[in-house]
Amino acid sequence: MKAGYLEKMYVKEAEAFLNKASEYCHLIENFSVFTESDKVINLLKTISSLYAAALTLPESNLAEEEITALHFALPDINLGDMANYWALFDPYTDEEPVACSLNDDLQDIYRDVKEGILLFQNDKRPEATWHWKFTFESHWGQHALQAMRVLHGAVGAER
């Protein structure tokens, strides 16, 4: 394949993820305007599409130390009774469930994808793409899966 084609695919996948990341951040930043049932279904849809888009992010050869950490305030998220749940981190071992927080999951996802958005907006597209892929594989991807599991259960309970 030609280098130009690969570069276009790289940009296309990164921009597609940027759109999904922006949708997620918009939802979290405007969380209080939604009804409780809308919060659950919108979160499930948005996190699911964000996760799917992350699976197509291209590989990058940047190193972690080449990325400058950005600092920003996190939106307040409170899911009330739905906030706490139990999870197993390794389903293949005989371990006790661990108490987790859906609020924390949503904020961890937000922090990781928002940082990439800010990098992207500052014309650091390779850094943004690397950051999204790295943090997806090492951090927020697990939070997204746990959140989807909990939200899926909440949607089922509402029916």
Side-chain angles (χ1 to χ4, degrees), residues 7 9-34 36 38-80 82-91 97-155:
E7 186 174 316
M9 287 302 297
Y10 181 92
V11 169
K12 180 181 174 186
E13 291 164 346
E15 288 177 351
F17 185 83
L18 172 66
N19 290 334
K20 297 301 179 185
S22 297
E23 287 174 17
Y24 176 77
C25 289
H26 178 78
L27 174 62
I28 296 300
E29 290 161 358
N30 296 284
F31 203 64
S32 63
V33 303
F34 294 97
E36 293 307 308
D38 285 345
K39 286 177 183 177
V40 171
I41 196 67
N42 286 334
L43 280 168
L44 186 55
K45 288 177 181 178
T46 306
I47 294 171
S48 298
S49 63
L50 181 68
Y51 189 92
L55 293 172
T56 67
L57 283 169
E59 294 295 330
S60 173
N61 58 3
L62 292 176
E64 186 172 4
E65 55 272 1
E66 296 176 34
I67 306 296
T68 303
L70 302 172
H71 303 284
F72 47 88
L74 296 175
D76 186 37
I77 301 169
N78 187 351
L79 287 165
M82 286 182 26
N84 299 312
Y85 65 92
W86 295 97
L88 295 174
F89 287 104
D90 185 352
V98 177
C100 297
S101 167
L102 185 55
N103 297 336
D104 288 344
D105 290 333
L106 300 177
Q107 285 187 323
D108 282 354
I109 297 165
Y110 178 88
R111 180 183 305 110
D112 287 344
V113 299
K114 183 68 171 189
E115 190 165 332
I117 290 171
L118 295 174
L119 288 167
F120 202 93
Q121 290 171 342
N122 287 316
D123 292 326
K124 296 183 177 184
R125 293 178 178 192
E127 292 89 343
T129 304
W130 179 89
H131 176 78
W132 286 324
K133 179 113 177 144
F134 176 77
T135 57
F136 169 69
E137 292 174 347
S138 64
H139 186 241
W140 74 262
Q142 286 296 322
H143 286 284
L145 287 172
Q146 292 289 0
M148 285 188 290
R149 183 181 62 80
V150 172
L151 294 165
H152 178 78
V155 168

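Glu115 contributes no side-chain N or O that, together with a main-chain N or O of His131, makes up a donor-acceptor pair within less than 3.5 Å.
Contact between Val40 and Leu151 at its shortest, heavy atoms only, is CG1-O, 3.9 Å. Minimum interatomic distance between Tyr24 and Val113 (heavy atoms only, all atoms of both residues): CD2-CG2, 4.0 Å. What you find for Ile47 and Ala147 is that their closest heavy atoms are CD1-CB, 4.1 Å. Shown here for Ile77 and Phe31, the closest heavy-atom pair between the two residues is CG2-CE2, 3.8 Å. Closest approach of Gln107 to Pro75, counting heavy atoms only: NE2-O, 2.6 Å.
Remark: Trp132 pairs with Phe17, Phe120 by the ring-ring contact (aromatic ring centres under 6.0 Å, His included) rule, at least two apart or across chains. Under the rule for a side-chain hydrogen bond (donor to acceptor under 3.5 Å, both in side chains), the partners of Asn30 that lie at least two apart in sequence or sit in another chain are His26. Partners of Asn84 under the side-chain contact (heavy atoms from CB on, under 4.5 Å) rule, at least two apart in sequence or in another chain, are Ser101. By the ring-ring contact (aromatic ring centres under 6.0 Å, His included) test, His139 is found to be paired with His143, residues two or more places apart in sequence or in another chain being considered. By the side-chain contact (heavy atoms from CB on, under 4.5 Å) test, Ser22 is found to be paired with Leu18, Ile117, residues two or more places apart in sequence or in another chain being considered. For Asp38, the side-chain contact (heavy atoms from CB on, under 4.5 Å) criterion is met by Phe34, Thr35, Asn42, not counting sequence neighbours. Listed by chain and residue number, Tyr110, Lys114 satisfy the side-chain hydrogen bond (donor to acceptor under 3.5 Å, both in side chains) test with Glu29 (two or more places apart in sequence, or in another chain). For Glu23, there are no side-chain hydrogen bond (donor to acceptor under 3.5 Å, both in side chains) partners, not counting sequence neighbours. Evaluation of the salt bridge (charged side-chain N to carboxylate O under 4.0 Å, His left out) rule for Asp112 yields no partner, not counting sequence neighbours. By the ring-ring contact (aromatic ring centres under 6.0 Å, His included) test, Tyr51 is found to be paired with Phe136, residues two or more places apart in sequence or in another chain being considered. In this structure Lys20 satisfies the side-chain hydrogen bond (donor to acceptor under 3.5 Å, both in side chains) test with no other residue, sequence neighbours excluded.
Note on Lys39 versus Glu36: salt bridge recorded, some NZ/NE/NH1/NH2 to OD/OE distance being below 4.0 Å.
The salt bridge (Lys or Arg N to Asp or Glu O under 4.0 Å) pairs that include a residue from residues 136-148 are Lys133-Glu137, where partners are two or more places apart or lie in different chains.
Between the CG atom of Leu74 and the CZ atom of Arg111 there is a distance of 5.0 Å, given to the nearest 0.5 Å. From Met148, atom CE reaches atom OG1 of Thr46 across 11.5 Å, with rounding to the nearest 0.5 Å. One finds the CG atom of Asn78 at 5.5 Å from the CG atom of Asn103 (value rounded to the nearest 0.5 Å).
Annotation: side chain of Ile28 is not in contact with side chain of Ile109 (no heavy-atom distance under 4.5 Å). Side-chain contact between Cys100 and Gln146 is absent, with no heavy atoms from C-beta onward closer than 4.5 Å.
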